Amino acid sequence: MNEITSLKMEKGNYPVNSYIARCAQLAMCLEVSSSPKPGNIDRYDDYEDTRYEHFLASAISMYPVMEEASGCNDGVGRLIKNAVTESVSWQKGGNTHFGAIILLVPLAMAAGRILSKKEEFSIPELTELAHTIVRNTNSADAADFYSCFETAGVKVNPVDEFDLQNVDSIDELQQKNVSLYNLMEIASSYDLIANEWVYGFKRCTECADLIVKGMSGDLLDGKLNSDINDIVVYSFLKLLSENEDTFITTKFDTETANYVSERAQIIVEELYNNNVTFNTVLPLIRKFNTELLERRINPGSTADIIIAGLFIALLGGVRY
């Protein structure tokens, strides 16, 4: 496949901050609308307590925070907290985009710094700057981050240090001068989103690369026909096949998460068969989707990374 050297913003007549915020909104809408993504809510599949419309409301609600983030040099924790607050105030479906927010905020901040000065950028340039931004977080960011867990209704792993269930943890964070990046370092071995922060958004980069190449027809020998839905579904399956989805691990266990990844890998490998098209494999994807929905196994961390990848691709002018 061709190497992607640079992407170019296509912002129209509105300010850069508005452009970045709209890219974030559209990324969230495209991810939840793409179907079928096994186990996850989409425009055809809902859970009883959380529906497609909840995700749309959350995505639209995020505009002012993403616009603000694109003009900020610091305050990552505060921005994450504000985005979570907006999300839950506009819908009653619970945690829709918490992991995505954690990725989008520093990426939007990085995009604002870059695109305010020039129209072209490379994916590594963006993610490296985002990595610098998160490494410079402080204990105030950590305190803001901790304070939004109850608001978001996020299920977390039990930990020995800085327990989210302990009201004294925020004071302890500040006393020990623990930054938000330090917290992500602690969680990086068991949380996919934290791992992205610590290791430079590498899966977000991979996902953006897949989407850009897919939309240019340079993926799977053109089998996806530059169809944004099919490209998102394929990118989702590919990332899921290569990574243990830690949202599943937290909700169930490692064995379940690994089983899901193995099933995704079988489908991805089938797509590399010369005589197979995406439509040929679609029944396998739908069957996998039905199984996970019935068992309420939703690969939420993978979906969050898809959103970040879409965001980067859209920033770079990808249109469908």
Side-chain angles (χ1 to χ4, degrees), residues 28-59 87-88 91-100 102-103 149 152-158 164 187 189-196 203 207 229-230 232-271 278-309:
M28 288 182 273
C29 290
L30 285 175
E31 184 280 323
V32 74
S33 298
S34 298
S35 176
K37 299 183 309 299
N40 281 349
I41 290 170
D42 58 35
R43 63 184 185 270
Y44 299 116
D45 298 302
D46 296 313
Y47 285 114
E48 289 182 7
D49 49 353
T50 310
R51 296 169 52 91
Y52 173 65
E53 291 85 354
H54 293 135
F55 281 82
L56 292 182
S58 175
S87 172
V88 299
Q91 48 85 26
K92 297 180 180 179
N95 171 27
T96 53
H97 287 117
F98 187 61
I102 296 169
L103 298 173
F149 270 81
V154 178
K155 184 177 176 63
V156 295
N157 283 315
L164 289 164
S189 64
Y190 58 82
D191 185 272
L192 205 58
I193 306 306
N195 192 276
E196 284 298 280
R203 295 175 188 85
C207 182
N229 181 86
D230 296 351
V232 170
V233 171
Y234 168 75
S235 300
F236 176 85
L237 287 167
K238 190 169 191 328
L239 286 171
L240 184 58
S241 72
E242 295 172 349
N243 301 279
E244 176 185 333
D245 189 290
T246 52
F247 188 86
I248 297 176
T249 306
T250 300
K251 188 176 179 181
F252 295 92
D253 49 43
T254 298
E255 182 179 357
T256 303
N258 288 339
Y259 166 77
V260 170
S261 292
E262 288 166 6
R263 286 290 305 277
Q265 185 175 9
I266 291 170
I267 295 172
V268 169
E269 288 175 352
E270 187 69 18
L271 276 166
F278 185 82
N279 287 336
T280 307
V281 176
L282 200 50
L284 288 177
I285 302 174
R286 287 175 175 154
K287 183 178 179 181
F288 186 28
N289 183 43
T290 299
E291 177 192 351
L292 297 193
L293 288 171
E294 288 176 351
R295 297 175 61 186
R296 297 183 67 88
I297 301 173
N298 50 317
S301 296
T302 305
D304 293 331
I305 292 170
I306 292 292
I307 290 172

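Just the heavy atoms: all of them, side chains too, but no hydrogens, waters or symmetry mates, feed the values below. Computed from a prediction, not measured in an experiment: that's the story for all the values here.
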Item to complete: Identify, with sequence neighbours excluded, every residue that meets side-chain contact (heavy atoms from CB on, under 4.5 Å) alongside Ala59.
Response: Met28, Cys29, His97

Discussion item. Test: salt bridge (Lys or Arg N to Asp or Glu O under 4.0 Å). Region: residues 36-45. Which pairs qualify, not counting sequence neighbours?
Written reply: Glu31-Lys37

Worksheet entry | Nearest heavy-atom neighbours spanning Gly94 and Val88 | O-CG1, 4.5 Å

Worksheet item: Closest approach of Ile267 and Leu284, non-hydrogen atoms and distance?
Response: CD1-O, 4.0 Å

Worksheet entry | Glu244 side, atom CD; Thr256 side, atom OG1 - distance, nearest 0.5 Å | 10.0 Å

Worksheet item: Can you list the residues that meet the side-chain hydrogen bond (donor to acceptor under 3.5 Å, both in side chains) rule with Ser261, with sequence neighbours excluded?
Response: none

Discussion item. Run the side chain to side chain contact (heavy atoms under 4.5 Å, CB included) test on Thr280 and Glu270 for me, step by step, so that the C-alpha distance in whole Å, both residues' side-chain angles and the decisive distance to 0.1 Å come before the verdict.
Written reply: CA-CA 10 Å; Thr280 307; Glu270 187 69 18; over 6 Å; no

Worksheet entry | With Thr290 via side-chain hydrogen bond (donor to acceptor under 3.5 Å, both in side chains) - residues at least two apart | none

Fill in: Criterion side chain to side chain contact (heavy atoms under 4.5 Å, CB included) on Asn195 and Arg203, from CA distance to verdict
CA-CA 9 Å; Asn195 192 276; Arg203 295 175 188 85; 2.9 Å; yes

Worksheet item: Mind checking what makes side-chain hydrogen bond (donor to acceptor under 3.5 Å, both in side chains) contact with Thr302, not counting sequence neighbours?
Response: Asp245

Worksheet item: Closest heavy-atom contact between Leu240 and Pro299?
Response: CD1-CB, 3.9 Å

Worksheet, complete the sentence: For Phe236, the ring-ring contact (aromatic ring centres under 6.0 Å, His included) test, sequence neighbours excluded, returns none

Discussion item. Is it true that, when you exclude Tyr259 itself, more than 12 heavy atoms of the residues, nucleotides or ligands shown sit nearer than 6.0 Å to its OH?
Written reply: yes

Discussion item. Please find the pair of heavy atoms, one from Thr96 and one from Thr50, that lie closest to each other, and give the distance.
Written reply: CG2-CG2, 4.4 Å

Worksheet item: Quick one: does Lys287's side chain get under 4.5 Å of Pro283's, heavy atoms only?
Response: no

Worksheet entry | Residue list, salt bridge (Lys or Arg N to Asp or Glu O under 4.0 Å) with Arg296, at least two apart or on another chain | Asp49

Discussion item. On a heavy-atom basis, which atom in Pro38 and which in Leu292 lie closest, and how many Å separate them?
Written reply: O-CD1, 3.6 Å

Discussion item. Within this structure, what is the CG-CG distance for the pair Asn289 and Leu282, rounded to the nearest 0.5 Å?
Written reply: 10.0 Å

Fill in: For Glu53, salt bridge (Lys or Arg N to Asp or Glu O under 4.0 Å) partners two or more places apart
Arg51

Discussion item. Please check: side-chain N/O of Ser58 versus main-chain N/O of His54, any donor-acceptor pairing under 3.5 Å?
Written reply: no

Worksheet item: Which value, rounded to the nearest 0.5 Å, describes the distance between Leu239 atom CG and Ser301 atom OG?
Response: 11.5 Å

Worksheet item: Counting distance only, does the side-chain N/O of Glu196 pair as donor-acceptor with the main-chain N or O of Leu192 below 3.5 Å?
Response: no

Discussion item. Working to the nearest 0.5 angstrom, can you tell me the gap between Ile297 CD1 and Phe252 CZ?
Written reply: 5.0 Å

Worksheet item: With Asp191, which residues qualify under side-chain contact (heavy atoms from CB on, under 4.5 Å), at least two apart?
Response: Ala187, Ile193, Ala194, Thr246

Discussion item. Run the side-chain contact (heavy atoms from CB on, under 4.5 Å) test against Asp230 and tell me which residues pass, sequence neighbours left out.
Written reply: Leu224, Asp227, Phe278

Worksheet, complete the sentence: Taken in chain and number order and not counting sequence neighbours, the residues that satisfy salt bridge (Lys or Arg N to Asp or Glu O under 4.0 Å) with Glu242 are Lys238

Worksheet item: Which atom names give the shortest non-hydrogen contact between Val268 and Ser241, and what distance separates them?
Response: CG2-OG, 4.2 Å

Item to complete: Give the C-alpha distance, both sets of side-chain angles, the deciding distance and a yes or no for side chain to side chain contact (heavy atoms under 4.5 Å, CB included) between Ile307 and Leu103.
Response: CA-CA 9 Å; Ile307 290 172; Leu103 298 173; over 6 Å; no

Item to complete: Could you tell me which residues satisfy salt bridge (Lys or Arg N to Asp or Glu O under 4.0 Å) with Arg295, sequence neighbours excluded, listed by chain and number?
Response: Glu291

Worksheet item: Looking at CG of Asn229 and OG of Ser33, how far apart are the two atoms once the value is rounded to the nearest 0.5 Å?
Response: 9.0 Å

Item to complete: Kindly compute the distance separating CG (Asp253) from CG (Asn258), expressed to the nearest 0.5 Å.
Response: 9.0 Å

